[in-house]
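Everything numeric here is computed off the predicted structure, so don't read it as measured data.
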Amino acid sequence: GVADGVGGWRDYGVDPSQFSGTLMRTCERLVKEGRFVPSNPVGILTAGYCELLQNKVPLLGSSTACIVVLDRTSHRLHTANLGDSGFLVVRGGEVVHRSDEQQHYFNTPFQLSIAPPEAEGVVLSDSILYLTKTHKKLFGGTPSWEMRVLGKDNLFTEISCFKDRLNSNYESIQQTARSIAEQAHELAYDPTYMSPFAQFACDNGLNVRG
């Protein structure tokens, strides 16, 4: 699973990573305790979010989220996604499936939230019912190789730049993942790069680069 804290909470003195990190650690614990059904990642995310809502320790914030379950028994990929985190299925160097983004409007993804009492009804918070679900049968023949890539929003808007990284020539999946992350990091700190995010911003009347 992966979650991306909504950065706007910094304006209220809240660390955006606290909510997303706690959400994923809670989901991880539920899985390790065996409290999940492989074909129902929505249940994992729902249970994790509900536990945060009931937590006696105050926790504020919002987050997108994506959980992917690879069921070895049924050879199926089960996913739950809210917002603009997501996943790709790559086969033979080509993207054969990608999750759909959920945006209210530019740079405002669907999100799970916990707001202070005085801000309830004001802070954007989407119902768990908006989670998109997929159940995908994995390739059953003899492909050269197949991989699943799980990530946050701008990693996928840049995926065309990573196509040369999505191959089977590396000695390990870890090396492939590191290669993708390193290129994403390099592009993120280029102030002149016309990223897909910057292009979307320009389409919405904002003069943005980098």
Discussion item. Are S195 and L187 packed together at the side-chain level, in the sense that at least one heavy-atom pair is separated by less than 4.5 angstrom?
Written reply: no

Worksheet item: Is E33 atom CD crowded by more than 12 heavy atoms from other residues, nucleotides or ligands, each under 6.0 Å away?
Response: yes

Fill in: Side chains of K133 and T79 in contact at under 4.5 Å (non-hydrogen atoms)
no

Worksheet item: Residues two or more places apart in sequence or in another chain: which of them pass salt bridge (charged side-chain N to carboxylate O under 4.0 Å, His left out) with R10?
Response: none

Worksheet item: Any donor-acceptor pair under 3.5 Å linking the side chain of S99 with the backbone of F87?
Response: yes

Worksheet item: Does a side-chain heavy-atom distance below 4.5 Å link S63 with L112?
Response: no

Item to complete: Could you check if a side-chain atom of V37 sits within less than 4.5 angstrom of a side-chain atom of I44, using non-hydrogen atoms only?
Response: no

Worksheet item: In this structure, are over 12 heavy atoms from other groups packed under 6.0 Å from Y12 atom OH?
Response: no

Fill in: Pairwise side-chain contact, V69 with S39, heavy-atom cut-off 4.5 Å (strictly under)
no

Fill in: Nearest heavy atoms of F106 and Q103, plus distance in Å
C-OE1, 4.3 Å

Worksheet item: Do V42 and L52 belong to the same hydrophobic cluster, where Ile, Leu, Val, Met, Phe, Trp and Tyr are linked whenever their side-chain heavy atoms lie under 4.5 Å apart, directly or via other members?
Response: yes

Worksheet item: Does some side-chain heavy atom of D84 sit less than 4.5 Å from a side-chain heavy atom of Q102?
Response: no

Worksheet item: Taking side chain as C-beta onward, heavy atoms only, is Q18 less than 4.5 Å from L59?
Response: yes

Discussion item. Checking side-chain polar atoms at under 3.5 Å, does S113 have a donor or acceptor matched by the opposite partner on S62?
Written reply: yes

Practice prompt. Supply the atom-to-atom distance K136 NZ to H97 NE2, rounded to the nearest 0.5 angstrom.
Written response: 6.0 Å

Worksheet item: Got a second to check how far M24's CE is from L45's CG, nearest 0.5 Å?
Response: 5.5 Å

Worksheet entry | Approximate separation, where rounding is to 0.5 Å, of R25 CZ and S20 OG | 8.5 Å

Item to complete: Return yes when atom CG of D203 has more than 12 non-hydrogen atoms of other residues, nucleotides or ligands closer than 6.0 Å, and no otherwise.
Response: yes

Discussion item. Would you compute the distance between atom CG of L206 and atom CZ of F197 and round it to the nearest 0.5 angstrom?
Written reply: 8.0 Å

Practice prompt. List the atom of P38, the atom of D71, and the distance in Å for their closest heavy-atom pair.
Written response: CB-OD2, 3.6 Å

Worksheet, complete the sentence: What one should report as the nearest heavy-atom pair of H135 and R76 is O-NH1, 3.9 Å

Practice prompt. Report whether F19 and L30 are members of the same hydrophobic cluster (ILVMFWY, side-chain heavy atoms less than 4.5 Å apart, transitive linking).
Written response: no

Worksheet item: With side chains defined as the heavy atoms from C-beta onward, is the minimum distance between Y130 and L82 less than 4.5 Å?
Response: yes

Item to complete: Could you list the residues that satisfy ring-ring contact (aromatic ring centres under 6.0 Å, His included) with Y49, not counting sequence neighbours?
Response: none

Discussion item. Pairing donors with acceptors under 3.5 angstrom, does anything connect the side chains of D190 and T192?
Written reply: yes

Discussion item. Membership question, hydrophobic clusters at under 4.5 Å side-chain separation (ILVMFWY): are L131 and L124 in the same one?
Written reply: no

Worksheet item: Between P16 and V6, what is the shortest heavy-atom contact and its length?
Response: CB-O, 3.4 Å

